Amino acid sequence: MHRSRVYAVIIDTPEAEAAQSARFWSAALGVVAQPFPPAPQFTTLHQALPGLETAVQAVDDAPRIHLDIETDDIEAETARLIGLGAEQIAQWQECHVLRVPGGHVVCVLPVESAPAEFEAQANVWP
């Protein structure tokens, strides 16, 4: 048995346009954009989507929006999603990067939210 939940919506933006994108989304959503020093490729958009982390991520790739799914068992959650039709396309640190049916990207990562929040909101999988 393991648990998982959608943790974040990430706006992937080519690196050269990331600062402009963060300013746009901050103004468009009426929220504060702040750099995230532990991972400088991220600019957080505080409270853009209540209950979810939201950020602009500077990437060396095409623009897109992807979901981060946090879990207490990365291997089990990755296997569950692969069983549903996803394929693992990369790994970055502990994060497994999957392409899901339809072409979207999903990242599976360890629990990042507060323990009580994760406990209250996570789905339980056999």
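Computed from a predicted structure; not experimentally measured.
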Give, for atom [atom1] of [X] and atom [atom2] of [Y], the distance between the pair rounded to the nearest 0.5 Å.
X      : Y     : atom1 : atom2 : value
Glu87  : Ile82 : CD    : CD1   : 8.5 Å
Ile10  : Gln57 : CD1   : CD    : 6.5 Å
Trp125 : His2  : CH2   : NE2   : 7.5 Å
Asp60  : Asp12 : CG    : CG    : 11.5 Å

Minimum heavy-atom separation for [X] to [Y], with atom names?
X      : Y      : value
Ala22  : Val56  : CA-CG2, 3.9 Å
Ile74  : Glu94  : CD1-O, 3.4 Å
Asp61  : Pro14  : O-CG, 3.7 Å
Phe118 : Asp72  : CZ-N, 3.9 Å
Gly51  : Glu117 : O-OE2, 4.0 Å
Pro40  : Pro37  : CD-O, 3.7 Å

Can you confirm whether [X] sits close enough to [Y] that some side-chain heavy atom of one is under 4.5 Å from a side-chain heavy atom of the other?
X      : Y      : answer
Leu67  : Val9   : yes
Val105 : Ile65  : no
Leu109 : Thr71  : no
Ser4   : Ile69  : yes
Thr43  : Gln34  : no
Gln41  : Glu15  : no
Met1   : Val124 : yes
Ser113 : Arg5   : yes

Indicate yes or no for a side-chain donor-acceptor contact from [X] to the backbone of [Y] under 3.5 Å, with no hydrogens or angles considered.
X      : Y      : answer
Glu70  : Tyr7   : no
Glu119 : Gln121 : no
Thr44  : His46  : no

* Going through the checks in order, is the side-chain contact (heavy atoms from CB on, under 4.5 Å) test met by Leu45 and Ile11? -> CA-CA 10 Å; Leu45 299 169; Ile11 303 165; 4.1 Å; yes

Given the options Ile89, Val108, Val106, Val97 meets side-chain contact (heavy atoms from CB on, under 4.5 Å) only with Ile89

Q. Would you call the rings of Phe42 and Phe36 parallel, tilted or perpendicular, where under 30° means parallel and over 60° means perpendicular?
A. perpendicular

ask   = Does a salt bridge link Arg3 with Glu77, judged by any charged N lying under 4.0 Å from a carboxylate O?
value = no

Side chains of Gln88 and Thr78, donor plus acceptor under 3.5 Å: no

